[in-house]
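Everything below concerns the one structure shown next.
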Amino acid sequence: MNSPNSQFINKKTNLFLVLAGIFITSALLAEIVGVKIFSAEKTVGIEPAQIKLFSDYILDFNLTAGVILWPIVFLTTDIINEYFGKAGVKKISFLTAGLISFAFLVIYIITILPPADFWMGIYKTDPDGNAFNIDYAFKAIFRQGLGIIIGSLIAFLIGQLLDVFVFQKLRKWTGSKMIWLRATGSTLISQFIDSFVVLFIAFYLLAPDNAQWPFSQVMAVGTINYIYKFAVAILLTPLIYLGHHLIDGYLGKENAELLTAEAAESSKSLI
């Protein structure tokens with residue numbers, strides 16, 4: 001028969017594995033589907049925002065499809081931070097960055113494999129009868145520019161490390177109370193930096209001359225992205241409490257409080 005302590009350790013391990021699985025899967029999918037740009041206004045059936053920023057740019061909420069999944073990453077980050085501390089977030093963040101890099105390496109190798117003739121023939125036209133090159137489409141969808149990949153990974157790691165730092169600073173101030181403040185506050189601050197870093201690296205610093213954005217455009221698009229992330233972070237606040245409720249029910253209230261106390265204590269030496 002398992003002792004109460006061993007049962008707690010098993011539940012703690014299972015919890016971390018589930019949260020890590022959600023975190024890694026969401027981050028990896030966000031990177032892969034991020035190549036698609038969609039209209040947020042059309043999605044909800046409203047007119048384009050037409051926001052004028054930095055004098056030269058009138059922008060709508062045309063967003064990377066990855067923003068559908070990144071809020072799950074932010075939410076999971078805060079929950080891991082609460083129960084496993086800074087060390088837990090750093091461990092899963094660096095592991096995820098490595099797995100994303102590996103995934104893109106595999107995808108790149110696959111895109112350079114010569115296509116089979118019959119495969120090209122089956123999909124030589126689209127449903128309207130227009131000429132269609134499926135191998136080109138495959139490469140266009142799955143192969144992203146090196147600058148985008150590097151920028152995204154750097155922004156991801158900076159955002160995660162900043163998030164966990166701010167979260168633990170706020171937790172030191174609030175104690176076990178005001179979950180909404182440390183979770184939402186840390187996300188709002190970290191994503192402010194993330195919104196601009198990825199664009200600056202991908203489209204300004206590492207972009208070829210013929211594709212380089214003006215700095216004002218980087219700032220304008222980054223601002224639009226942050227407005228969206230700000231709104232989503234606020235709307236997701238109730239889910240943070242739902243996550244805590246479910247985890248406290250799984251671990252037991254006493255064990256959950258013990259785990260959060262251990263996470264807070266272990267993070268003090270890492271801040």
Side-chain angles (χ1 to χ4, degrees), residues 12 15-16 18-24 26-27 30 66-67 69-97 152-198 222-223 225-271:
K12 177 181 175 181
L15 175 62
F16 187 78
V18 169
L19 292 174
I22 295 171
F23 183 99
I24 294 171
S26 299
V67 300
L69 289 154
W70 282 120
I72 300 175
V73 177
F74 308 152
L75 180 63
T76 311
T77 297
D78 291 331
I79 294 176
I80 293 174
N81 210 344
E82 182 77 7
Y83 290 95
F84 297 95
K86 187 173 183 179
V89 176
K90 288 178 66 176
K91 181 185 298 183
I92 197 63
S93 296
F94 284 112
L95 174 61
T96 301
S152 181
L153 286 175
I154 292 176
F156 167 74
L157 287 175
I158 291 176
Q160 288 298 111
L161 296 178
L162 182 60
D163 186 289
V164 70
F165 176 81
V166 175
F167 185 98
Q168 292 299 336
K169 283 291 186 181
L170 290 174
R171 196 182 198 290
K172 186 177 180 181
W173 177 51
T174 62
S176 60
K177 301 177 180 179
M178 303 176 72
I179 297 171
W180 66 270
L181 178 60
R182 57 181 177 271
T184 306
S186 61
T187 297
L188 292 179
I189 293 173
S190 65
Q191 292 315 301
F192 178 80
I193 303 299
D194 177 87
S195 297
F196 295 96
V197 168
V198 62
T223 301
N225 287 341
Y226 183 67
I227 292 173
Y228 169 85
K229 292 176 181 179
F230 186 99
V232 170
I234 298 298
L235 292 173
L236 286 181
T237 300
L239 293 182
I240 295 171
Y241 285 89
L242 175 61
H244 278 261
H245 175 72
L246 295 174
I247 291 172
D248 289 354
Y250 173 67
L251 295 176
K253 187 67 175 178
E254 185 177 340
N255 285 333
E257 290 177 352
L258 175 62
L259 191 56
T260 56
E262 290 177 351
E265 186 64 29
S266 65
S267 296
K268 288 180 181 179
S269 61
L270 297 172
I271 295 177

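Note that this is a predicted model, so its numbers are computed, not measured. For the numbers below, each heavy atom of this structure counts, side chains included, while hydrogens, waters and symmetry mates do not.
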> Could you give the distance from OG1 (Thr187) to CG (Leu236), rounded to the nearest 0.5 Å?
Replying inline: 8.5 Å
> For Thr77 and Gln160, does a side-chain donor sit closer than 3.5 Å to a side-chain acceptor?
Replying inline: yes
> Under the side-chain contact (heavy atoms from CB on, under 4.5 Å) criterion, do His244 and Tyr83 qualify, and how do the steps go?
Replying inline: CA-CA 9 Å; His244 278 261; Tyr83 290 95; 3.1 Å; yes
>> Please evaluate residues Leu258 and Leu251 with respect to the criterion side-chain contact (heavy atoms from CB on, under 4.5 Å), reporting the C-alpha separation (whole Å), side-chain torsions for both, the decisive distance (0.1 Å), and the verdict.
In response: CA-CA 10 Å; Leu258 175 62; Leu251 295 176; over 6 Å; no
>> Could you report the tightest heavy-atom contact between Asp248 and Ala256, atom names first, then the distance?
In response: OD1-CB, 3.1 Å
> Do the rings of Trp70 and Phe156 sit parallel, tilted or perpendicular, given the 30° and 60° boundaries?
Replying inline: tilted
> Could you give the distance from CG (Asp163) to CD1 (Ile80), rounded to the nearest 0.5 Å?
Replying inline: 10.5 Å
> Does a sphere of radius 6.0 Å around CZ in Phe16 hold more than 12 heavy atoms from other residues, nucleotides or ligands, not counting ones at 6.0 Å or beyond?
Replying inline: yes
>> List the residues meeting ring-ring contact (aromatic ring centres under 6.0 Å, His included) with Phe192, not counting sequence neighbours, and say none if there are none.
In response: Phe196, Tyr226
> Quick one: which of Thr76, Leu161, Asn81 gives a side chain to side chain contact (heavy atoms under 4.5 Å, CB included) with Val89?
Replying inline: Asn81
> Looking only at side chains, do Tyr250 and Asn255 share a donor and an acceptor under 3.5 Å apart?
Replying inline: no
>> Could you walk me through whether Asp78 and Arg182 satisfy the salt bridge (Lys or Arg N to Asp or Glu O under 4.0 Å) test, starting with their C-alpha distance in whole Å, then the side-chain angles of each, then the deciding distance to 0.1 Å, before giving a yes or no?
In response: CA-CA 8 Å; Asp78 291 331; Arg182 57 181 177 271; over 6 Å; no
